[in-house]
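Structure first, then comments.
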Number of protein chains: 2
Amino acid sequence: MSAQLQNAPTIAAQEHTPVTPRTSQPRERGIPEATVARLPVYLRALQALHESGTPTVSSEDLAEIAGVNSAKLRKDLSHLGSYGTRGVGYEVEYLIYQISRELGLTQDWSVAIVGIGNLGRALANYGGFGTRGFRIAALLDADVSIVGDKVAGLAVGHIDTLEDVVEKENVSIGVIATPASAAQGVCDRFIEAGVTSVLNFAPMVLNVPPGVDVRKVDLSIELQILAFHEQRKSDGHVESGRIGQTGNAR
Amino acid sequence: MSAQLQNAPTIAAQEHTPVTPRTSQPRERGIPEATVARLPVYLRALQALHESGTPTVSSEDLAEIAGVNSAKLRKDLSHLGSYGTRGVGYEVEYLIYQISRELGLTQDWSVAIVGIGNLGRALANYGGFGTRGFRIAALLDADVSIVGDKVAGLAVGHIDTLEDVVEKENVSIGVIATPASAAQGVCDRFIEAGVTSVLNFAPMVLNVPPGVDVRKVDLSIELQILAFHEQRKSDGHVESGRIGQTGNAR
DNA sequence: CCCACTTTGTGCGTACTTTCACAAGGGCGT
DNA sequence: ACGCCCTTGTGAAAGTACGCACAAAGTGGG
């Protein structure tokens with residue numbers, strides 16, 4: 001056997017908590033976290049299909065592209081509603097819309113990136129943002145020698161303008177790409193300014209109050225997980241690995 | 001209510017498969033994937049404690065720092081063996097060694113990064129590598145205009161030397177930081193050259209044969225997951241969120 | 001209008017995770 | 001030495017996730 005982890009979870013939700021109260025409506029808002037994490041993967045696959053002119057797709061085919069089990073994919077989609085047609089499959093364009101809506105991508109989210117080093121620049125230049133419901137509202141850094149520089153068409157602002165930017169641009173998601181030592185401070189300022197969702201690239205656990213979502217992406221952690229599996233392979237174990245691909249799930 | 005996801009899983013293992021045959025030895029090699037994903041987080045927390053001169057730490061305190069439930073932390077560590085002392089806690093230095101060993105960080109792993117754009121540079125300059133058992137053996141790119149440039153002290157090589165580098169430097173982990181369109185091709189070459197662990201930053205699912213581990217980190221997927229939760233908050237739901245922090249787990 | 005074929009949506013069993021709660025174990029003061 | 005207090009390690013319960021297998025539901029041909 002073997003393994004394949006594609007999409008590994010080094011990013012992880014910090015915790016959970018029931019969510020979805022006890023209201024119990026028709027189809028109560030209760031999409032499993034694991035499903036939410038895979039929806040973006042399906043969305044990407046669907047967009048590729050759409051661009052290639054494919055009108056409909058079966059769960060089998062879409063699952064193949066997304067790298068998951070087809071039953072899992074159907075169950076995931078069933079949480080959104082019954083958008084498929086038996087005997088036919090799913091209409092690509094319609095499904096793209098439904099998933100986008102569910103993920104909240106039909107509205108625009110303003111993002112502010114703090115820490116414009118190589119990683120911050122990579123993020124700013126990452127094409128996937130603007131095209132998927134996100135708008136980079138500002139790039140901020142503490143280093144005055146780069147403040148004013150143009151990155152991805154935007155002038156880098158000074159970190160001290162964070163609060164102003166958050167308010168004026170209605171920033172709802174803060175991205176931290178600073179060194180670990182500055183992360184908590186930036187995070188606190190984001191929260192103080194009203195931001196309730198933070199994407200943290202700094203290698204440290206952020207301390208945040210209830211109500212704030214933090215997702216963390218840690219490059220070295222991913223490598224460490226790979227090292228673990230790599231070690232196992234040479235340990236003389238007849239292990240199998242993994243295949244399939246979760247989508248950011250954890 | 002509230003939430004905090006810290007460490008979210010946008011990175012996800014593609015699949016699994018039993019692993020750990022039917023041998024059943026004393027304490028068979030069977031560390032849960034969820035645990036493996038958290039070990040790097042504990043390791044980082046422990047290293048911080050070590051640097052600040054703390055000799056021992058209780059599961060309660062370490063869990064607090066790492067952002068997880070203390071019972072979970074104890075259970076995770078129990079998979080490695082009994083390295084704690086009741087009534088006292090864990091000896092920081094000893095635990096660092098044990099986790100490092102388990103993760104395979106006591107040996108050096110050679111890493112080759114392909115795609116030296118902003119992201120590739122960010123990765124190359126990321127301090128967490130060298131200090132944690134990883135050695136960047138080569139930086140490769142297809143763009144001849146940057147081949148030869150010095151990045152993080154290394155000269156960028158041409159992608160055509162990939163096979164040579166993998167063999168000479170004994171590369172065991174390949175990092176793909178290229179555009180999506182080039183990712184599969186690079187991945188195939190890595191595999192053909194003998195690499196069995198790949199860390200993919202390109203926004204696409206890689207197709208790999210059994211025996212190869214692929215972990216994927218997708219920036220836009222993380223943002224989409226945050227958008228989903230952010231949307232829920234304003235949906236008028238009295239949701240709770242999450243707290244705690246998984247560590248790259250799936 | 002009916003039948004054969006295809007593909008969805010899901011009930012169900014299994015496996016994995018998380019968390020609680022507590023017994024077992026070790027240190028320290030007296 | 002004894003006993004109290006603290007913290008680990010873990011059994012058991014609860015919650016989640018996964019994937020199989022199949023009934024339900026459309027499609028299209030005859």
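Proteins get letters first, then strands, A, B, ... in listed order; numbering begins at 1 in each. Quantities reported herein were computed from a predicted structural model and do not represent experimental measurements. Side chains included, hydrogens not; waters and symmetry mates left out as well; all remaining heavy atoms used.
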Under 3.5 Å donor-acceptor, B:E93 side chain and B:P55 backbone: no
Residue met sooner reading DNA chain D from 5', once B:G89 and A:D76 are mapped to nucleotides: B:G89
Interatomic distance where NZ belongs to A:K72 and C1' belongs to C:dT14 [whole Å]: 15 Å
OP1 or OP2 of C:dT7 under 4.0 Å from side-chain N/O of A:S59: no
Nucleotide of D:dT7, C:dT17, D:dA17 approaching B:A34 most closely (side-chain heavy atoms): C:dT17
SB check A:R38 A:E33 (cutoff 4.0 Å): no
Residue pair A:S172 / B:E230, side-chain donor-acceptor N/O under 3.5 Å: no
Pair of N/O donor and acceptor under 3.5 Å linking D:dG19 base with A:K75 side chain: yes
Rounded distance (Å) that lies between atom P of C:dT18 and atom NE2 of B:H79: 10 Å
Whole angstrom value for the distance that separates P of D:dT8 from CG of B:L80: 14 Å
Side chain to side chain, A:L105 and A:R101, heavy atoms closer than 4.5 Å: no
Atom-to-atom span, CG of B:L95 to C1' of D:dG9 - whole angstrom: 14 Å
D:dC22 phosphate, OP1 or OP2, under 4.0 Å from A:R74 side-chain N/O: no
Between P of C:dT18 and CD of A:E33, the distance in whole Å: 13 Å
Protein-nucleotide distance (A:D61, atom CG; C:dT8, atom C1'), rounded to Å: 14 Å
For atom CG of B:L62 and atom C1' of D:dG9, their distance in whole Å: 15 Å
Straight-line distance of A:D61 CG to A:T54 OG1, nearest 0.5 Å: 9.5 Å
Salt-bridge criterion met for A:R189 and A:E192 (N-O under 4.0 Å): no
Side chain of A:A71 - closest among D:dA21, C:dT17, C:dT19: D:dA21
Where protein sits on nucleotides 24-30 of chain C, one letter per nucleotide: B base, S sugar-phosphate only, - none, heavy atoms under 4.0 Å: BBSS---
Distance below 4.0 Å between B:N69 side-chain N/O and C:dC20 OP1 or OP2: yes
Spacing of B:E60 atom CD relative to C:dT19 atom P, expressed in whole Å: 13 Å
Below 4.0 Å: OP1/OP2 of C:dT6 and any side-chain N or O of A:Y90: no
Ring centroid separation B:Y90 to B:Y83 under 6.0 Å: no
